[in-house]
Amino acid sequence: MTEYKDKIIKCVDCGAEFTFTARDQAFYAEKGFNNEPKRCKACRDAKKAKMNKDNK
C-alpha cells in the first residue's frame with residue numbers, strides 16, 4: 001500500500017499554490033487517475049462553468 005503525503009502544486013492557470021492532499025491522492029489512485037491536478041479548485045470550477053456554458 002502506498003503512503004501518500006500532502007503536496008504543494010502551482011496552478012497552471014492562475015499561478016496560485018494549492019495542496020494536493022494525501023486523501024485526494026488516494027482518491028485519484030482509487031479512480032485510476034495517473035496525473036496530478038494542474039489547476040486549483042477555483043480554476044477547475046471556472047473551466048467547468050465555461051465548458052457548460054459553451055455546450056448550451
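For the single chain, residues carry numbers from 1 onward in sequence order.
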Under 3.5 Å donor-acceptor pairs involving side-chain atoms of residues 31-42, not counting sequence neighbours:
| from | atom 1 | to | atom 2 | distance (Å) |
| --- | --- | --- | --- | --- |
| Glu36 | OE2 | Lys7 | NZ | 2.5 |
| Arg39 | NE | Asp13 | OD2 | 2.8 |
| Lys41 | NZ | Asp45 | OD1 | 3.2 |
| Lys41 | NZ | Asp45 | OD2 | 3.0 |

| Residues forming a side chain to side chain donor-acceptor pair (under 3.5 Å) with Asp24, sequence neighbours excluded | Thr21
| request: Could I get the full list of ring pair (Phe, Tyr, Trp, His ring centres under 6.0 Å) partners for Phe27, not counting sequence neighbours? | output: none
| message | Apply the hydrophobic cluster definition, ILVMFWY joined by side-chain contacts under 4.5 Å directly or through others, and give me every member besides Tyr4. | response | none
Please tabulate, for the side chains in residues 46-54, all donor-acceptor contacts under 3.5 angstrom to protein atoms that are two or more places apart in sequence or on a different chain.
| from | atom 1 | to | atom 2 | distance (Å) |
| --- | --- | --- | --- | --- |
| Lys50 | NZ | Asp54 | OD2 | 2.8 |
| Asn52 | ND2 | Lys48 | O | 3.4 |

| Under the ring-ring contact (aromatic ring centres under 6.0 Å, His included) rule, what pairs show up with a residue in residues 37-56, not counting sequence neighbours? | none
